[in-house]
Amino acid sequence: MTEPQSVGSTESYEELQRRIHVELDSETLERALTHRSFAYENGGLPTNERLEFLGDSVLGLVVTDTLFRDNPELAEGQLAKMRASIVNSQSLAEVSRQIGLGDFIRLGRGEITTGGSDKSSILADTMEAVIGAVYLSRGLAEASELVHRFFDPLIDRAGDLGAGLDWKTSLQELTAAEGMGVPEYVLTEKGPDHQKSFEAQVRVGERLFGHGEGRSKKIAEQQAAETAWKEIQGEADAGTS
C-alpha cells in the first residue's frame, strides 16, 4: 500500500481518492475527515458529524435496497437481521481498515496519542462521513457504486451467516449446549451524554469473554457476543479434536 503524505495535504487527499475510486472536491473531503477532537483543538472547525449522519442513511438505503431485491423470499425480520450484520460499526471499521482510512483522519492530539486512527468507532464514523461526502458531491448513483465496491463482500457473507445474524441468541444457545450457564453483559459508557459510546464484555460463569464497542448498547453487545461465541466455539472444537 502506498503511504500517503501528511494528513490534510493535497497529496493525501489525492491518495485517498485513488483508494476509493471517487474524485471529490478537497473542501468536502476535508470535512469528511475532520474528527471533532481536531475541530475543537483548532478553533471550532466544522466536524464530519453531519456528513456521518447523511452517510449512515445512504449506506442503509443502498444495503436495504440490495437485500430486498436479491432476497425476494425472505421475510422482513430476516432482512433486518441481515442488514444489521452489514450496517454496523464493526463492518464499517473493517472496510475502513481495508482502504487505510485511518491514515487520513484529522485527529486531535489526545486521540492521536491513544491510537484514535485505529479505533473502530472513529473509523466507522469516518467511513459513513466519506459515503455522505460522495453522495453530497457526486449523487446517489456514485455513492451507491462506492457502497457496492466495498460492502458487497459483506452483503454476500450475510447470506451465509445463519444464526450468526443474531450473535446474542447464538451465544446463549452455545453456552446452554456447553452447560456453561446464561451469558451476562458487562457494559461501560464513555463520552458526554450527546456523544456516548459503549464497550461490552460477556461474563459466562466466572469468565469474561469477548469485547465489543459501538454507539449503542445493542451494537456493543452484539460485537462482544460474536467474539465470545467464536472463542467458546473454538475451545469446544479443540476439545473434540
Side-chain angles (χ1 to χ4, degrees), residues 1-60 87-138 143 146-147 150-151 188-200 211-217 219-220 223:
M1 182 181 293
T2 303
E3 289 296 324
Q5 304 298 316
S6 60
V7 173
S9 68
T10 300
E11 292 84 359
S12 73
Y13 293 155
E14 290 175 351
E15 173 61 23
L16 178 56
Q17 289 175 96
R18 283 192 291 270
R19 294 186 190 184
I20 65 175
H21 308 287
V22 179
E23 291 186 7
L24 295 171
D25 67 90
S26 59
E27 182 178 351
T28 303
L29 184 56
E30 184 174 89
R31 173 80 64 87
L33 299 171
T34 301
H35 187 257
R36 64 180 179 275
S37 61
F38 181 92
Y40 296 162
E41 285 184 12
N42 289 272
L45 297 173
T47 74
N48 63 3
E49 291 174 354
R50 280 172 54 84
L51 286 174
E52 173 198 339
F53 169 78
L54 181 62
D56 175 70
S57 295
V58 174
L59 174 63
V87 183
N88 60 60
S89 62
Q90 187 173 9
S91 296
L92 283 154
E94 178 183 330
V95 171
S96 297
R97 291 187 178 101
Q98 289 172 3
I99 63 176
L101 184 60
D103 296 339
F104 305 93
I105 303 173
R106 305 169 83 202
L107 295 168
R109 290 184 295 273
E111 285 292 354
I112 291 173
T113 58
T114 58
S117 62
D118 194 50
K119 287 182 180 177
S120 292
S121 57
I122 291 177
L123 289 171
D125 291 347
T126 307
M127 188 71 233
E128 288 180 333
V130 169
I131 294 170
V134 173
Y135 170 79
L136 196 64
S137 296
R138 310 292 295 185
L146 175 70
V147 171
F150 295 110
F151 287 86
T188 56
E189 299 180 4
K190 298 189 302 183
D193 289 341
H194 69 282
Q195 196 68 38
K196 279 193 181 300
S197 63
F198 299 87
E199 292 186 356
H211 176 266
E213 62 178 81
R215 289 170 294 169
S216 71
K217 294 178 182 179
I219 291 173
Q223 289 186 17

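What you see below is based on every heavy atom in this structure, not just the backbone, and it leaves out hydrogens, waters and symmetry mates.
Nearest heavy atom pair, residue Ser96 against residue Ala124, reads OG-N, 4.5 Å. Of all heavy-atom pairs between Ala220 and Phe198, the closest is CB-O, 3.7 Å. Nearest heavy-atom pair across Ser137 and Leu24 is CB-CD2, 3.6 Å. A pairwise comparison of heavy atoms in Ser89 and Gly214 identifies OG-CA, 4.1 Å as the closest pair.
Residues Asp56 and Ile131 have side chains not in contact (no heavy-atom distance under 4.5 Å, counting atoms from C-beta outward). Looking only at side-chain heavy atoms (C-beta outward), Asp25 and Thr28 come within less than 4.5 Å of each other. Considering only heavy atoms from C-beta on, Arg97 comes within 4.5 Å of Ser120 through its side chain. The shortest side-chain heavy-atom distance between Leu123 and Ile105 falls under the 4.5 Å cut-off. Lys217 has its side chain within reach of Glu189: a pair of non-hydrogen atoms, C-beta onward, lies under 4.5 Å apart. With contacts defined as side-chain heavy-atom distances shorter than 4.5 Å, the pair Ile122/Leu107 qualifies. When side chains are defined from C-beta on, Phe151 counts as touching Leu92, because their heavy atoms get closer than 4.5 Å.
Remark: the backbone N or O of Ala129 is not paired with any side-chain donor or acceptor of Arg50 at under 3.5 angstrom.
Atoms NZ and CD, on Lys190 and Glu199 in that order, are 4.0 Å from each other to the nearest 0.5 Å. Rounded to the nearest 0.5 angstrom, Met127 CE and Asn48 CG are separated by 12.0 Å. In this structure, CD in Glu23 is found 6.5 Å from CD in Gln17, a value given to the nearest 0.5 Å. With values rounded to the nearest 0.5 angstrom, Phe150 atom CZ is found 15.0 Å from Ser91 atom OG. From Phe104, atom CZ reaches atom CZ of Arg19 across 3.5 Å, with rounding to the nearest 0.5 Å. Note that the CD1 atom of Ile112 and the OG atom of Ser117 stand 8.0 Å from one another [nearest 0.5 Å].
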Indicate every side-chain donor-acceptor pair of residues 31-46 with a distance under 3.5 Å to a residue at least two apart or in another chain.
unit_1	atom_1	unit_2	atom_2	d
Thr34	OG1	Glu30	O	2.6
Thr34	OG1	Arg106	NH1	2.8
His35	ND1	Ser37	N	3.1
His35	ND1	Ser37	OG	2.7
Ser37	OG	Gly108	N	2.8
Glu41	OE1	Arg109	N	3.1
Glu41	OE2	Arg109	N	3.1
Asn42	ND2	Phe38	O	2.8

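In summary, Arg215 and Glu128 engage in a salt bridge, as defined by a charged side-chain N under 4.0 Å from a carboxylate O.
By the salt bridge (Lys or Arg N to Asp or Glu O under 4.0 Å) test, Glu111 is found to be paired with Lys119, residues two or more places apart in sequence or in another chain being considered.
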